[in-house]
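Computation of the quantities below employed the complete heavy-atom set of this structure, encompassing side-chain atoms and omitting hydrogens, waters and symmetry-equivalent molecules. The model shown is predicted, which means the values in this text are computed figures rather than measured ones. Counting starts at 1 for both ligands and their atoms, following the listed order.
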Amino acid sequence: MIEKKSEMTILPVAQRGENILTLKAVPVAANEFNSEWLTQLSAAMFDTMSERNGVGIAAPQVYISKRVIIVASRSNPRYPDAPEMDPIVMVNPEILEFSVSTCLGEEGCLSVPNERAMVERAEMVRVRYFTLQGDEVESAYRGFPARIVQHEIDHLDGVLFVDRR
Ligand code: K1U
Ligand code: ZN
């Protein structure tokens with residue numbers, strides 16, 4: 001059921017064990033950029049992530065098997081030095097480069113409640129993605145934002161953090 005809280009759209013979040021979380025999500029097609037549908041999907045993903053106090057979300061977590069993620073780093077008890085970012089919607093994100101250096105850090109997941117684990121990830125990633133309008137962007141992230149990017153792109157490939165421990 002879709003829950004409408006004033007102007008917010010809170011979507012149900014798929015839980016570990018559900019098939020949707022194991023699928024490889026499909027790319028957003030050229031004719032979906034700049035569309036009402038894609039704007040509404042990203043807004044509902046943002047509302048759902050915020051409602052659950054998340055720092056990221058991927059479309060398959062809200063039962064949409066498309067390659068859309070949101071990355072929203074902020075300071076939190078586990079990562080007090082994490083940078084405060086304006087949330088970034090990434091459409092069809094691709095990691096172009098993983099740093100050789102890795103780091104261990106604690107992760108949680110909106111689809112795996114009450115479980116945390118230490119996961120080894122590349123310390124830095126270079127990512128290419130498209131905006132909702134279809135503009136191509138290339139950016140590098142390190143530390144906690146890089147961890148969120150890798151966790152969310154894993155969701156697009158049907159991988160959960162618990163599979164990486
Ligand atoms: O994709 C998701 O399930 C959201 C997930 C993102 C994430 C958290 C931590 C590391 C990588 C990716 C969450 O937002 S879980 C909740 C959370 O805010 C958090 C959990 C553990 C450590 C830090 C933050
Ligand atoms: Zn997750």
Checklist entry - Strictly under 4.0 Å, does any heavy atom of Arg52 approach an atom of ligand 1? => result no
Checklist entry - Looking only at N/O atoms, are Gln61 and ligand 1 under 3.5 Å apart anywhere? => result yes
Checklist entry - Is there any N or O on Arg74 that sits under 3.5 Å from an N or O of ligand 1? => result no
Item to check | Pairs touching residues 83-124 that satisfy ring-ring contact (aromatic ring centres under 6.0 Å, His included), sequence neighbours left out | outcome: none
Item to check | Environment of the Zn ion (ligand 2) in terms of protein N/O/S atoms, cut-off under 2.8 Å | outcome: Cys109 SG, His151 NE2, His155 NE2
Item to check | Nearest non-hydrogen protein atom, atom 20 (C) of ligand 1 | outcome: Arg116 CZ, 3.6 Å
Checklist outcome for this item: When distances are taken from atom 10 (C) of ligand 1, the protein heavy atom at minimum range is Glu107 CG, 3.6 Å
Checklist outcome for this item: Counting from 1 in the order shown, the ligand 1 atoms closer than 4.0 Å to a non-hydrogen atom of Gly54 are 14 (O)
Checklist outcome for this item: When distances are taken from atom 4 (C) of ligand 1, the protein heavy atom at minimum range is Gly56 O, 3.2 Å
Checklist entry - Can you name the closest pair of heavy atoms from Ser73 and Pro83 and give their distance? => result OG-O, 2.5 Å
Next on the checklist: For Asp163, give me all partners under side-chain contact (heavy atoms from CB on, under 4.5 Å), at least two apart in sequence or on another chain.
Outcome noted: Val159, Leu160
Checklist entry - Is there a nitrogen or oxygen of Val55 sitting under 3.5 Å from a nitrogen or oxygen of ligand 1? => result yes
Item to check | Minimal non-hydrogen separation, Lys66 against Leu156, with atom names | outcome: O-CD2, 3.7 Å
Next on the checklist: So which atom in Ile70 and which in Glu152 form the shortest heavy-atom distance, rounded to 0.1 Å?
Outcome noted: O-CG, 4.0 Å
Show which side-chain atoms of residues 38-49 pair as donor or acceptor with protein atoms under 3.5 Å away, not counting sequence neighbours.
unit_1 : atom_1 : unit_2 : atom_2 : d
Thr39  : OG1    : Ser35  : O      : 2.9
Gln40  : NE2    : Glu36  : OE2    : 2.9
Ser42  : OG     : Leu38  : O      : 3.4
Ser42  : OG     : Thr39  : O      : 3.0
Asp47  : OD2    : Thr9   : N      : 2.9
Thr48  : OG1    : Leu11  : N      : 2.9
Thr48  : OG1    : Ala44  : O      : 2.7

Checklist entry - Any salt bridge between Glu107 and Arg164, counting N to O under 4.0 Å? => result no
Next on the checklist: Less than 4.5 Å apart, side chain to side chain, heavy atoms only: is that true for Phe33 and Asn92?
Outcome noted: yes
Checklist outcome for this item: ligand 1 to Glu106, heavy atom cutoff 4.0 Å, flagged ligand atoms 22 (C)
Checklist entry - For atom 18 (O) of ligand 1, which candidate among Asp154, Asn53, Leu160 holds the nearest heavy atom? => result Asn53
Checklist entry - Shortest non-hydrogen contact from Ala82 to Phe144? => result CB-CD2, 3.5 Å
Checklist outcome for this item: d(Glu136 CD, Thr131 OG1) to nearest 0.5 Å is 10.0 Å
Checklist entry - For ligand 1, which atoms, with element, lie under 4.0 Å from some heavy atom of Cys109? => result 3 (O), 15 (S)
Next on the checklist: Between Ser99 and Glu123, do the side chains contain a donor N or O and an acceptor N or O under 3.5 Å apart?
Outcome noted: no
Checklist entry - Do Leu110 and ligand 1 have an N or O pair less than 3.5 Å apart? => result yes
Checklist entry - Is there a protein heavy atom less than 4.0 Å away from atom 12 (C) of ligand 1? => result yes
Next on the checklist: As an exercise, identify every atom of ligand 1 less than 4.0 angstrom from a heavy atom of His155.
Outcome noted: 1 (O), 3 (O)
Checklist entry - Who's the nearest protein heavy-atom neighbour of atom 23 (C) of ligand 1, and how far? => result Asn76 OD1, 3.5 Å
Checklist entry - Which is closest to atom 5 (C) of ligand 1 in terms of heavy atoms, Gly108, Pro60, Ala72, Ala58? => result Gly108
Item to check | Heavy-atom closest contact (Gly54 atom, Leu110 atom, distance) | outcome: CA-CD2, 4.3 Å
Checklist entry - So is Glu152 polar-close to ligand 1, meaning N/O to N/O under 3.5 Å? => result yes
Checklist entry - Under 6.0 Å from the CZ atom of Arg78, do we count more than 12 heavy atoms belonging to anything else shown? => result no
Item to check | Main-chain N/O of Val119 paired with Arg147 side-chain donor or acceptor, under 3.5 Å | outcome: yes
